[in-house]
Amino acid sequence: MRHRHPRARTFAKQATPFAALLPMALTVIVGYLGTVLWSLRISLTNSRSFPSDTFVGMAQYTRLFENERWLLSLNNLALYGVLFIGACLVIGFLLAVFIDQNVTGEGVLRTIFLYPYAMSFVATGLVWQWMLTPGNGIEQAAHQFGFAGFSFDWIVDQDMVMYTVVIATVWQASGLVMAMMLAGLRGIDGEIWKAARLDGIPAWRVYLSIVLPMMWPTIATVLLLLTTAVVKLFDAVVAMTQGGPGTASEVPAKFIMDHLFGRANIALASAGAVVLLVPVLAMLAPYAYARSRKGRA
């Protein structure tokens, strides 16, 4: 039986991890980077139903930011993002603190809080739509309990409809934030709490001044995930409001999909997609830089 040369065995060992990563690398290069570059190229043309090679420069971006529907969608996304991220961070952290107290049935509570994130919002969005529709759900239940004058019509109110989307999506995402925050809390040295008790420091002060700063890597990861979820907001709006009433709950992703498939304007849709990529890169770049510096250190 012939034995392979030691160099050949060494090369095989070194090449095996790269061979295993090759499918993922091709997916990233072709499926992600390739499509981003293709979208960027299309956004600089006058393409309509089919791709065109006619170069028009930044004309599509000018048209995009002159479109009132696009500007409304950006305003809605900004409002939604602030409320959604803020509420998820607060509720998720409070739930994590609650579970971290070694409560009875911790495993069951973790499952209950995390379960909504595992569900498709296309399905659960329809349930939320029914719950928030006047005459059904919450309003109907209040009437049956004797509150005949109770009214909850936010989902059909142009000024309040985005808040209903925030309520539903916070319900879905808070469990994930709770799980990540809980993992961060469990990584805090217990000696810190013992020292704080000996010094008579209130628990809220320990969380605010010591625990939260120590959990900054976890918080940064949560912020990145939540920001990405904000930019991708689409299914919740479609399932609950279809962008209505009117265009009151229009968001950029829905604007892009409507122009891509409904209005046969792939150049304008591609311009919108490129614009949406900017905030994700703005969040990802410093995060990746900080992680790389930490790895080198």
Side-chain angles (χ1 to χ4, degrees), residues 24 80-81 83-132 137-138 141 145 163-236 239-240 283-284 287 290-291 294-295:
M24 180 59 69
Y80 170 82
L83 296 176
F84 171 75
I85 293 175
C88 282
L89 286 174
V90 172
I91 295 174
F93 180 72
L94 292 178
L95 289 176
V97 170
F98 168 68
I99 292 179
D100 193 43
Q101 308 305 310
N102 295 320
V103 295
T104 304
E106 176 183 326
V108 175
L109 290 174
R110 284 204 311 265
T111 302
I112 292 173
F113 293 145
L114 191 57
Y115 181 71
Y117 188 75
M119 301 176 66
S120 167
F121 209 93
V122 174
T124 57
L126 297 176
V127 177
W128 274 101
Q129 182 192 52
W130 175 82
M131 289 178 59
L132 298 172
I138 295 174
F145 279 105
Y163 297 101
T164 64
V165 180
V166 172
I167 293 171
T169 50
V170 167
W171 169 84
Q172 185 189 41
S174 292
L176 175 66
V177 178
M178 177 274 299
M180 298 183 69
M181 291 289 192
L182 182 60
L185 286 173
R186 294 284 164 85
I188 302 296
D189 190 351
E191 295 299 322
I192 293 176
W193 286 104
K194 293 179 181 179
R197 293 190 190 99
L198 290 175
D199 292 338
I201 303 175
W204 67 267
R205 186 63 182 271
V206 178
Y207 279 112
L208 189 63
S209 302
I210 300 175
V211 174
L212 283 176
M214 293 181 66
M215 290 179 58
W216 175 244
T218 300
I219 296 173
T221 302
V222 170
L223 280 173
L224 180 61
L225 292 175
L226 293 179
T227 302
T228 304
V230 168
V231 174
K232 295 192 302 181
L233 177 65
F234 174 75
D235 52 354
M240 292 180 61
M283 287 289 295
L284 183 60
Y287 177 80
R291 290 294 297 268
K294 182 179 178 181

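What you are looking at is a predicted structure, and each value in this text was computed from that prediction instead of being measured.
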K.L.:
Can I91 and V177 be said to form a side-chain contact (heavy atoms from CB on, under 4.5 Å), step by step?
P.N.:
CA-CA 8 Å; I91 295 174; V177 178; over 6 Å; no

K.L.:
Rounded to the nearest 0.5 Å, what separates atom CD1 in I85 from atom OH in Y80?
P.N.:
9.0 Å

K.L.:
Please confirm whether the backbone N or O of V166 pairs with a side-chain atom of T169, one donor and one acceptor, at under 3.5 Å?
P.N.:
yes

K.L.:
Can you tell me how far the CE atom of M178 sits from the CG atom of L114, to the nearest 0.5 Å?
P.N.:
5.5 Å

K.L.:
Could you check whether any side-chain heavy atom of L89 comes within less than 4.5 Å of a side-chain heavy atom of L223, counting everything from C-beta outward?
P.N.:
yes

K.L.:
If every non-hydrogen atom of V170 is compared with every non-hydrogen atom of A87, which pair is closest and at what distance?
P.N.:
CG2-CB, 3.8 Å

K.L.:
More than 12 foreign heavy atoms under 6.0 Å from OH of Y207: is that the case here?
P.N.:
yes

K.L.:
Are side-chain heavy atoms of M214 and D189 found at a separation under 4.5 Å?
P.N.:
no

K.L.:
Is there any salt bridge (charged side-chain N to carboxylate O under 4.0 Å, His left out) pair reaching into residues 94-107, and which pairs are they, with sequence neighbours excluded?
P.N.:
D100-R186, E106-R110, E106-R186

K.L.:
Provide the closest heavy-atom pair for Y117 versus A173 in the form atom of the first, atom of the second, distance.
P.N.:
CD1-CA, 4.2 Å

K.L.:
Could you tell me which residues satisfy ring pair (Phe, Tyr, Trp, His ring centres under 6.0 Å) with F113, sequence neighbours excluded, listed by chain and number?
P.N.:
none

K.L.:
Please report the closest heavy-atom contact between G125 and M240, naming both atoms and the distance.
P.N.:
O-CG, 3.5 Å

K.L.:
Atom CD1 in I167, atom CD1 in I138: separation rounded to 0.5 Å?
P.N.:
7.0 Å

K.L.:
Counting distance only, does the side-chain N/O of Q101 pair as donor-acceptor with the main-chain N or O of V97 below 3.5 Å?
P.N.:
yes

K.L.:
What is the minimum heavy-atom distance between P116 and Q172, and which atoms define it?
P.N.:
O-CG, 3.5 Å

K.L.:
Atom CZ of F121 and atom CZ of F234: how far apart are they, to the nearest 0.5 Å?
P.N.:
13.5 Å

K.L.:
Does Q129 form a side-chain contact (heavy atoms from CB on, under 4.5 Å) with T164? I'd like the steps, not just the answer.
P.N.:
CA-CA 9 Å; Q129 182 192 52; T164 64; over 6 Å; no

K.L.:
For F93 and I219, what are the C-alpha separation, side-chain angles and deciding distance, and is it a side-chain contact (heavy atoms from CB on, under 4.5 Å)?
P.N.:
CA-CA 10 Å; F93 180 72; I219 296 173; over 6 Å; no

K.L.:
Considering residues at least two apart in sequence or located in another chain, which fulfil the side-chain contact (heavy atoms from CB on, under 4.5 Å) criterion with V122?
P.N.:
S120, D235

K.L.:
Give the intermediate values and the outcome of side-chain contact (heavy atoms from CB on, under 4.5 Å) for residues R205 and I210.
P.N.:
CA-CA 8 Å; R205 186 63 182 271; I210 300 175; over 6 Å; no

K.L.:
Please report the closest heavy-atom contact between F98 and V103, naming both atoms and the distance.
P.N.:
O-CG1, 3.4 Å

K.L.:
Is it the case that the side chain of D199 and the backbone of I201 share a donor-acceptor pair, with hydrogens and angles ignored and the cut-off at 3.5 Å?
P.N.:
no

K.L.:
Hey, what do you get for CZ (R197) to CD1 (I192), rounding to the nearest 0.5 Å?
P.N.:
11.5 Å

K.L.:
State, yes or no, whether a side-chain contact exists between L233 and F84 at a heavy-atom distance under 4.5 Å.
P.N.:
no

K.L.:
Locate the shortest heavy-atom distance separating G184 from T218; write the atom from each residue and the value.
P.N.:
CA-OG1, 3.9 Å

